Every structure is written in structure tokens, then in C-alpha cells.
Amino acid sequence: MKRDARSAPGLGPGSGARARSRARSRAAWLAGRGWGRALLGAVGVCGALLAVELVARSGVFDGQALPPASSVLARAAEMAVDEGFLGDVWVTVSAWLSGLGLAVLLAVPAGLLLGSLPRLDTAALAVVELARPIPSVALIPLAILVFVEPDRVERSLVCYAALWPILLNTLYGLRDVDPVAKETLRAFGFGVLGVLWRVSLPSAGPFVVTGVRIAASVGLIVVVSAELRAGGEGGLGVYLLETQSGGGRPDLMVAGACWAGVLGVAANGGLVWVERLLFPQSRPFPKPGAAAPGPPHRPGRPRPQTPDGLKEPGGLKR
């Protein structure tokens, strides 16, 4: 006697939905672990490299224009032990970090000052909104005329580009401070600096670190672009220019660009670690798989208790 296929286990009408639900649960459980996130990230990177390798070897594009991923990885591994390339990387990193540090030293105090004085904030709003949209790359010719030396040109452009994300995030963080906490400290006799140091700055700290993370990515783009345009004795941008001379080496160019991406990923990961170390309470969302926190209990009027036998609200029997 033949058995109906629909009666087999796992082949019912709702089996597909149950299978998808189990798959989502396993994916959420895997993403909730640190090693699981690393594993999923490695799978994504390997998938992207495999896709590039297949497209490059399919003949759709010219092999000189789109090198295979295996060739790019081989060149990148060779560049990791090349002293000349490492020197170029150090030139870029030093200009990048010095410009970013200068932007932090300028933007955070300026944001605290503007956020603490509403009238000054209103007066400076027009200047900020006018200067912020100007692209840093458009200021490269002006920076060359003013600073002359390539390293100063790059640092100044990185500082200008990184200034605005940090400044705006500092202002947003100060606007998000709980006014009740500020008024409480004022009631206990703390002055403006005490309130700023004890309440405003710790509350705005996660916003400031987020602004630094955004500014780091923008600054890396700007410093490589400035090296491509302004030149100099070394740097990733200068190296990328040299790979295109004498017929061009696309594999070296893509490998150098990949190392620039590695620098950005490393900087972002380091800043995320710093944010979690300094502000562990600033994570607004629970980990995947964890129960969502309920609404906070607010003491106030006691809730009415329903007497025994009264099942309807309002104290009425059925």
C-alpha cells in the first residue's frame, strides 16, 4: 500500500513556513554569538571573492581591466612584507590620524560650547550650515596654495572633513541630555562646568564616538584623494598613481585599494571597542535572541485593585 507523500513528516501544508522559521531562529542564534558573527562575516567575504573570481574569469570583462580575486590576494600578500609599500602606508596613516586628532580637539570643545549656549548656537548655525556642505576635495587647490607642503595639505583637508561629523554629533548628543538630570544637579548647587562634566559630557559621549567613527571613514577617503591630486614623497595615493605608470598594473592598484579598506575596517573596529569600553550602558538594543526589556516602572498613583468576583473594569459585575 503506497503512502501519501503529503502525509510524510515535514511535507505538510505548513512545513515550509516551519522550516523557514527554524532557519531564521538558527541564524539569529548564530548571529548572537561573537564567533557566529565572525563566521557569517567570513562567509560573506568568501562569497564576494568567489563572485569576483568567476566574473573575472568568465571573459565578460577584459582581464587587464578586472583582475581575478586570486591575483589581487596574491599581490596584497606580497605587499604586506614590502618595505616600500609599508612606508607609503605609514605616510598615509600618520597624516590621517594627525588630521583626525586635530579635528577632535577642535570639534568637541566647540560642540560643548555651542550646545551649552543656545544663543551662540543660533548665531553660529548659519556659518556651520554654509561651510559643512563644501567638499574637502574642492579645497585641494586652495590648500596647496596656502600650506605648500604635501603633508600639511593632507592634514588640513582631513581636519576640515572630519570636523563637521564630530561637531554635529556632539551637538545632537547635548540636545539629547535629560533636562531633569541637569536641573537636579543645579538644585544641588553645581555650576555650569559641574553639570557639563557630570551629566552633559557622559551623555553625549556615545554621540561623540559615533561622530569620530564617521569622521575616520571620511578622513581616510580625503587623505587618499589628496595624495592622488597633490602628490608628495609617499602615501597610498602616490602608490596608486605609480601602479598606473608604464602600462598600468590593475592587480597592484586593486590590492592597494583593498589595503586602504582594511585600514578603514580596523579603525572602525577599534573605535567600536573604545565605545563599548567607555560607555557600556549606551547600547540601545538587546542582543539577538535576548528578551526585549519591558517598559520602565514609574512610581506614582497606585493601580486600582480589582475586588474578588469583579471581572470587568470599572468595578461592575456581569
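Note that the coordinates shown come from a computational prediction; the quantities given were computed from them, not determined experimentally.
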Taking every heavy atom of Thr170 against every heavy atom of Val108, the minimum-distance pair comes out as CG2-O, 4.1 Å
Does Leu105 belong to the same Ile/Leu/Val/Met/Phe/Trp/Tyr cluster as Leu97, with side-chain heavy atoms less than 4.5 Å apart forming each link? no
Is there side-chain contact between Leu168 and Arg132, with at least one heavy-atom pair below 4.5 Å? yes
Spacing of CG belonging to Leu86 relative to CH2 belonging to Trp259, to within rounding of 0.5 Å: 8.5 Å
Measure the shortest side-chain to side-chain distance between Asp121 and Arg175 over non-hydrogen atoms and say whether it is less than 4.5 angstrom. yes
Below 30° counts as parallel, above 60° as perpendicular, anything between as tilted: where do the rings of Phe85 and Tyr239 land? perpendicular
For residues Ala95 and Arg155, report the shortest heavy-atom separation together with the two atoms involved. O-CG, 3.8 Å
Approximate separation, where rounding is to 0.5 Å, of Leu252 CG and Met79 CE: 6.5 Å
Do Val55 and Val52 have side chains that get closer than 4.5 Å, going by heavy atoms? no
Hydrophobic clustering (ILVMFWY, side-chain heavy atoms < 4.5 Å, transitive) - are Val93 and Val91 grouped together? no
Quick check: closest heavy atoms across Ala226 and Glu154, and the distance to 0.1 Å? CB-CG, 3.9 Å
Any side-chain heavy atom of Val238 within less than 4.5 Å of one from Asp88? no
Separation between CG of Leu139 and CG of Leu145, rounded to the nearest 0.5 Å: 11.5 Å
Looking at residues at least two apart in the chain, or sitting in another chain, which of them share a ring-ring contact (aromatic ring centres under 6.0 Å, His included) with Tyr160? Trp164
Transitive ILVMFWY cluster of Val45 at side-chain heavy atoms under 4.5 Å: who else is in it? Leu49, Leu73
Can any side-chain N or O of Ser156 pair as donor or acceptor with the backbone N or O of Val153 at less than 3.5 Å? yes
Nearest-0.5 Å distance, CZ of residue Arg75 to OG1 of residue Thr243: 13.0 Å
Applying side chain to side chain contact (heavy atoms under 4.5 Å, CB included), run through Ile221 and Ser217 and close with a yes or a no. CA-CA 7 Å; Ile221 297 172; Ser217 301; 5.6 Å; no
How long is the span from the CG atom in Leu100 to the CG atom in Leu271, to the nearest 0.5 Å? 7.5 Å
So how far is it from Asn268 CG to Leu263 CG, rounded to the nearest 0.5 Å? 12.5 Å
Can you tell if the side chain of Phe188 reaches within under 4.5 Å of the side chain of Thr184, non-hydrogen atoms only? yes
Set of side chain to side chain donor-acceptor pair (under 3.5 Å) partners for Ser203, sequence neighbours left out: none
Same cluster (ILVMFWY, side-chain, under 4.5 Å), Val104 and Leu114: no
Got a sec: does the CD of Glu83 have more than 12 other heavy atoms crowding it under 6.0 Å? no
Steps toward side chain to side chain contact (heavy atoms under 4.5 Å, CB included) verdict (Ile140, Val137): CA-CA 5 Å; Ile140 292 178; Val137 180; 3.9 Å; yes
Taking side chain as C-beta onward, heavy atoms only, is Trp96 less than 4.5 Å from Val224? no
Could you state whether Leu278 and Ile214 fall into the same hydrophobic cluster, counting links through intermediate Ile, Leu, Val, Met, Phe, Trp or Tyr residues with side-chain heavy atoms under 4.5 angstrom apart? no
Taking every non-hydrogen atom, the tightest pair across Ala161 and Val222: CB-CG2, 3.7 Å
Applying side chain to side chain contact (heavy atoms under 4.5 Å, CB included) to Glu275 and Thr210, what does each step give before you reach the verdict? CA-CA 8 Å; Glu275 180 180 3; Thr210 302; 4.1 Å; yes
Joint hydrophobic cluster, Leu174 plus Ile166, side-chain heavy atoms closer than 4.5 Å: yes
Ala76 to Ala255 - nearest heavy-atom pair and separation: N-CB, 3.8 Å
Between Arg57 and Ser70, is there a side-chain heavy-atom distance shorter than 4.5 Å? yes
Can you check whether Val89 reaches Leu236 side chain to side chain, under 4.5 Å on heavy atoms? yes
When you measure from the side chain of Asp176 to the backbone of Tyr172, do you find a donor-acceptor pair of N or O atoms at a distance under 3.5 Å? no
Atom of Leu228, atom of Leu241 and distance for their closest heavy-atom approach: O-CD1, 3.4 Å
